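Taking it in order: structure first as structure tokens, then the write-up.
Fair warning: this is a prediction, and the values are worked out from it, not measured in the lab. Only heavy atoms go into these numbers, but all of them, side chains included; no hydrogens, no water, no symmetry mates. Chain letters run A, B, ... following the sequence lines, proteins first, then strands; residues in each count from 1.
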Amino acid sequence: MAHLLPSAVPQPGAAGAPLLEVRGLRTDIRLKRSTVHAVDGVDLTVRAGETLGLVGESGCGKTMTALSVIRLLPAGGEVVAGSIRLDGVDVLGLDEAELRQVRGGTVGMIFQDPLTSLNPSMTIGRQISEAVLLHRRVGRAAARRRTVEVLDLVGIAHASRRLHDYPHQFSGGMRQRVMIAIALACEPKLLIADEPTTALDVTIQAQILELIDRLRRDLGMAVVLVTHDLGVIAGRADRVAVMYAGRVVEQATATTLFDHPRHRYTEALFRALPERAVESRDPLYTIPGLPPDLTRTAAECRFAPRCRFAQDDCRSTDPPLVPQPDDSEHACLHPVDAAHRLQVRATSASVVALTANRDVLVTAEHLVKEFPLRRHVFGRTSGTVSAVADVSFEVRRGQTLGLVGESGCGKTTTGRLLVGLDEPTSGAVRVDGWDLATLPRRGRRRVRRDIQLMFQDSFASLDPRMHVGAILREPMVIARLGGRADQQRRVDELLDVVGLPREAARRFPHEFSGGQRQRIGLARALALSPRLVVADEPVSALDVSIQAQILNTMRALQAELGLTYVVISHDLSVIRYLADRIGVMYLGKLVEEGPAHQVYARPLHPYTHGLIATVPMADVHRERAKEPAPLRGELPSAVDPPSGCRFRTRCPLAQQVCAEQEPPLAELVPDGHRVACHFPLGGTGAGPG
Amino acid sequence: MTGFLLRRTAQAVVVLLLVSLIVFVLLQLLPGGAARAVLGPRATPAQLAYFDHQNGLDKPVIQQYLIWLWHLLHGDLGYSYRLNQSVTSLIVERLPKTIVLNLLALVIAVVIAIPVGVAQAVRRNSLCDYAATFTGFVFYSTPIFFLSLMLVLWFSLDLGWFPAQAPQATTVGGILSQPAGLVLPVGSLVLLDLALFSRYMRSATLDSLVQDYVRTAYAKGAGRSRVLYRHVLRNSLIPMVTILGLSLPVLLAGSLITEQVFNYPGMGLLFYQEAVTSDYPVLLGITLVVGAATVVGNLLADIGYALLDPRVRY
């Protein structure tokens, strides 16, 4: 038992004794009328110093598996079978007091949302030292010393001065560091990170993942990284377990899994990623149907109903996980081989012409939007938030402009200005040359019909008490378009267009899945036959397989109806897949804008470069070879933005001039690729030596 | 914080002026008038006119209001038409007694309601939870006069444990020296508040219990009771502050019905008696006190938020 010796720090990846062994784990969640078999026979092994990636779509049981390890299940949840051996201890046999020693002692846990996972009314110092005091027989002073130590470890500057701060005084990334500090306070042997970066921006995500990786190496911990994001797994995990419908369907080293996925589900998942189809601009592979209902179980492969390669034996036998010679295992009767690869049917949608000389539909001219900051009702304004600061661009008919940037960069506000939900502080939106603000009332109503918005959260943006038919008819009712019968016909048409059955009109939003609801959102945006659809994070709430369906539908409709899109997203691969032109925003500024392939292949702005380099991709070799997080620090406040170039506080190339002069957005050579930087990368300007 | 307090005080002054003006005008609109009420049905018109003239009631309403306001600025709330006593001295005499009665009830109710509410939330949908909810609603939905009378019937007339009438002593000390007499009036108020407070506490605790930080605390290795005391309780108390702030006016205004049923010499009884006889100066004085209490109650609730919730800063 090497880990009992204090000096023996296990080597990462070394085939030592397993730290965590899960065998035949079954976890049920009892609901009022039924029981969900959330985890149904899972085997996992994690060795000391190793990172196991647990990946799968929502509802696949990955989080329940992780929570079962420390028996921290939600109400109604219970481990009903199997064994969990952690560091030689049978976790399922522990009583309540012994279990408390495991939680926070042997196992540290990090959760998804650091804002809600920290107690808002307790200082972070007390929240961390609480963990120390629970597990170590030390006094308050010693606990405080340890607290400062772990805060230093996770990279919180001036740790001893921040002990008395509350969680709301930290930024999102810093809060997640505090969460990690709590998890590490008692030097756990196993760190379970459940979607640790899903709530964070990409640049912060890279920093946090790097931190977890460094701590794992330095402290010799094992890590279980639970995530839905294949890109996150690719760069960080030694081994990967893919879960589907409560089962592990494939397990292998990261390299093997990403290079040669064997299970048909894993294969399909990869093929649904937009980043894999960027070059070909082919439609994405979509997994038909929905994951099975986990309250019932049948003797069949759980993926069979959605699998293109399913045969009769798949529907009559439940395939076990079979170990392979290369130390991987998969539960598939007809695994991927050279002869039977997944082919995506090429459709008309793949031939979207990339003509540059179409006429301009929408122009944003020097858009500025400032929100006054008021302290109280009677008070004067105590400052303004500069949400959008002098943004200009054109959108050509039938094309897609992608606006990308981190949260707080002003991309959503820009979208709202385009649709006319907000009035610009100055500047103008022109549609077909008409300035929205100066048009008379009636004309403006007409023009606004041409621009529609598609929302991110399809659940929150559909009225739960209206049936879908009424939701789709409402825009026509407001615009007084046609009679009731015409509107009804149009509703049927819209449902056909987005690929929903016509009966859907009589049902309510909650009866649909996330992807179907997003289709309804798209149908509503199309109700008035707009020419421009502004889609704000159209797929960020969806799983990969569902996301692919929506992206395909959006592309197909563009070809069919000649739609123009402005797609707003934090997700570069989605933008890259959909957009003809990309605009990169940073703190209210458009810092780079140009043809998608150029911006992506040859970014001119250091921020764009950093962003592209940071986004995790589902490619092990690319991720492993990557430079450490190129974008340091966090987004400054938009209340008092930096002078000159707003990016200079995080820019590796910043010089004196960047603080003094604001760089204009301009072409370096006349190729339609504009950048706002004094020292553009690889450009013709006066670059740094 | 200082700036916040100054602004709130300024707001309070405006609110109180408006309240007093509205009450002043409303009282003038009442039929009958003070003179008839004070002098009785057999008073002659000349006597009524003389009374009105003597008390300035023949002047225009606005002028009367300004005169009242001018006196108020000098700390003079006027003179009761009926009781031959200054309004100020009446309030000074009655207010402490009302505070004693209602504060006792409030404190007892809160002290019982918080643990009951927490226990209900922790054992949600258990027999205890249902029983507590049922009992609470029975008391809450019973009209208080009926509840008070039932208490008198059982505990005073049938069992003879406590007197049916509240202590009649003139001083607070005198009232407190007869605790037996306080049991029934305090008890009836407690039963009423208990249901409301425990319900609030139950739902606030239920909200806190499912928060992510509670899961974090368990993941640290904290036990049930530690999680409850260190993490859940404080966050659950925040909504309670609102309801306590709203209770302050009652604390000062007294409860009309309870004080009347038990003949308790507090503000509520005074208000009822003087309202019957159109004793304007007393009514105005009490309204002002209640208005002030409402404003102060809200202010205290806001300060309470800032103390309990570090995210709230003024």
Side-chain angles (χ1 to χ4, degrees), chain A residues 32 66-67 69-75 96-124 126-135 164-169 178-179 182-183 185-186 188 192 194 199 375-379, chain B residues 1 3-15 121-126 204 206-241 299 302 304-314:
Chain A
K32 264 188 187 142
L67 292 178
V69 171
I70 53 173
R71 283 166 56 192
L72 192 68
L73 294 163
E96 193 60 35
E98 293 164 326
L99 199 57
R100 288 206 297 269
Q101 289 308 307
V102 171
R103 295 177 184 157
T106 322
V107 181
M109 182 104 202
I110 313 170
F111 299 101
Q112 174 171 345
D113 187 345
L115 177 59
T116 57
S117 296
L118 292 170
N119 187 337
S121 64
M122 207 173 184
T123 63
I124 61 140
R126 285 189 56 195
Q127 295 192 52
I128 300 170
S129 62
E130 181 181 29
V132 180
L133 291 167
L134 280 168
H135 293 280
H164 300 291
D165 285 350
Y166 289 92
H168 70 276
Q169 289 163 292
V178 172
M179 261 318 283
I182 292 176
C186 301
I192 299 178
D194 184 8
R375 285 242 174 74
H376 42 80
V377 192
F378 298 120
Chain B
M1 194 72 179
F4 168 74
L5 288 178
L6 282 176
R7 274 198 313 280
R8 285 297 291 261
T9 312
Q11 283 174 29
V13 171
V14 175
V15 168
V122 171
R123 298 188 212 304
R124 184 186 189 178
N125 294 343
S126 67
L206 278 178
D207 285 346
S208 307
L209 277 175
V210 297
Q211 294 295 316
D212 288 349
Y213 57 77
V214 171
R215 187 178 57 178
T216 307
Y218 280 120
K220 276 184 215 174
R224 260 175 99 88
S225 60
R226 188 183 177 91
V227 170
L228 217 51
Y229 286 114
R230 292 291 171 93
H231 296 275
V232 174
L233 195 56
R234 181 172 169 159
N235 289 298
S236 309
L237 283 175
I238 297 170
M240 283 297 281
V241 167
L299 183 62
D302 284 345
Y305 289 139
L307 292 180
L308 281 173
D309 189 341
R311 287 166 295 186
V312 178
R313 284 283 170 269
Y314 303 110

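Side chains of B/Val122 and B/Arg224 form a contact here, defined as non-hydrogen atoms less than 4.5 Å apart. Contact annotation: the side chain of B/Gln211 never approaches that of B/Asn235 to less than 4.5 Å [non-hydrogen atoms, C-beta and beyond].
A/Arg71 contributes atom CZ, which lies 14.0 Å from atom OH of B/Tyr218 (distance to the nearest 0.5 angstrom). Rounding to the nearest 0.5 angstrom, the gap separating the CG atom in B/Asp212 from the CG atom in A/Leu115 is 9.5 Å. In this structure, the separation between CZ on A/Phe111 and CG on A/Leu67 is 6.5 Å, given to the nearest 0.5 Å. Separating the CG atom in A/Asp194 from the CG atom in A/Leu72 is a distance of 10.5 Å, to the nearest 0.5 Å.
A 6.0 Å sphere centred on CZ of B/Arg234 holds more than 12 heavy atoms belonging to other residues, nucleotides or ligands.
Of the listed residues A/Ala75, A/Ser121, A/Gly104, A/Pro74, the one with more heavy-atom pairs under 4.5 angstrom with chain B than any other is A/Ser121. Your options are A/Gln127, A/Gln169, A/Arg126, and the one with the most heavy-atom pairs under 4.5 Å with chain B is A/Gln127. Taking A/Glu130, A/Gln101, A/Met179, A/Met109 one by one and counting their heavy-atom pairs under 4.5 Å with chain B, the maximum is reached by A/Glu130.
With sequence neighbours excluded, the residues forming a side-chain contact (heavy atoms from CB on, under 4.5 Å) with B/Val241 are B/Ala301, B/Tyr305, B/Leu308, listed by chain and number.
Within residues 225-233 of chain B, the residues that have a heavy atom under 4.5 Å from a heavy atom of chain A are B/Arg226, B/Arg230, B/His231, listed by number.
For A/Leu118, the part lying near chain B is the backbone, with the side chain staying farther off; criterion is any non-hydrogen pair under 4.5 Å.
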